[in-house]
Amino acid sequence: MVKFQPQTLDRTFSALSDPTRRAILERLGRGPATISELAYPFGISLPGLMKHVRILERADLVTTAKHGRTRQCRLGPERLEDAAAWIELYRGRWERRLDRLEGYLEKRKGDPT
């Protein structure tokens, strides 16, 4: 049985639950960006965007560093392997259940009762 750190998964899934935060990660996947560059497409204030970035930082999905008057953001060390493994574990369980249900239904089709 694979062991997962519940706090890590909770922070990761909580961070990923918001579409703005997912879009921030997508943008940072193309390279580092400042807070201003991240905020512009969303039309939200810098403090509003910083709240999203802090949540992503707590989940280790984003890191920030101050460079002069700007704060540079980049993807963090957490690469979603734990979350992907957890999802895959449950996907496999559901597939096995559905396969058994399909077998049962096929068997019932051939049963004249």
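Worth saying up front: this structure is predicted, and the values here are computed from it rather than measured.
In plain terms, the two heavy atoms of Ala59 and Arg11 that are nearest each other are CB-O, 3.7 Å. The minimum heavy-atom distance between Arg21 and Ala15, with the atom names listed, is NE-O, 2.9 Å. The two atoms that bring Leu9 and Trp86 nearest to each other are CD1-CD1, 3.6 Å, heavy atoms only. Taking every heavy atom of both residues into account, Phe42 and Thr20 meet most closely at CZ-O, 4.0 Å. Closest non-hydrogen pair, Ala33 versus Gln72, comes out as N-NE2, 3.5 Å.
In this structure, CZ in Arg71 is found 9.0 Å from NE2 in His67, a value given to the nearest 0.5 Å. The OG atom of Ser45 lies 7.5 Å from the NZ atom of Lys51; values are rounded to the nearest 0.5 Å. Residue Ser14 holds its OG atom at 8.5 Å from CZ of Arg58, rounded to the nearest 0.5 Å. Summarising the geometry, atom CG belonging to Leu98 is positioned 9.0 Å from atom CZ belonging to Arg100; distances are rounded to the nearest 0.5 Å. Put simply, CG on Leu56 and CG on Leu28 are 8.0 Å apart, with the number rounded to the nearest 0.5 Å.
By the 4.5 Å heavy-atom criterion applied to side chains, Leu25 and Val62 are counted as neighbours. By the 4.5 Å heavy-atom criterion applied to side chains, Asp60 and Thr12 are not counted as neighbours. Looking at Tyr104 and Arg108, their side chains come closer than 4.5 Å, going by heavy atoms from C-beta outward.
Looking at Leu49, Thr63, Thr34, Val53 one by one, the single match for side chain to side chain contact (heavy atoms under 4.5 Å, CB included) with Cys73 turns out to be Val53. Looking at Ile24, Leu46, Ile44 one by one, the single match for side chain to side chain contact (heavy atoms under 4.5 Å, CB included) with Leu38 turns out to be Ile24.
Of the charged side-chain nitrogens involved, none lies within less than 4.0 Å of a carboxylate oxygen, so that Glu57 and Arg54 do not count as a salt-bridged pair. Using a cut-off of 4.0 Å between Lys/Arg side-chain N and Asp/Glu carboxylate O, Arg91 and Glu95 are scored as salt-bridged.
Under the salt bridge (Lys or Arg N to Asp or Glu O under 4.0 Å) criterion, Arg96 pairs with no residue, sequence neighbours left out.
The neighbour count for Tyr40 OH, taken as heavy atoms of other residues, nucleotides or ligands under 6.0 Å away, does not exceed 12. Around the NZ atom of Lys66, the shell of radius 6.0 Å holds more than 12 heavy atoms that belong to other residues, nucleotides or ligands.
The aromatic ring centroids of Trp94 and Tyr90 lie 6.0 Å or more from each other.
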For Leu16 and Leu61, what are the C-alpha separation, side-chain angles and deciding distance, and is it a side-chain contact (heavy atoms from CB on, under 4.5 Å)? CA-CA 9 Å; Leu16 295 173; Leu61 297 172; 4.3 Å; yes
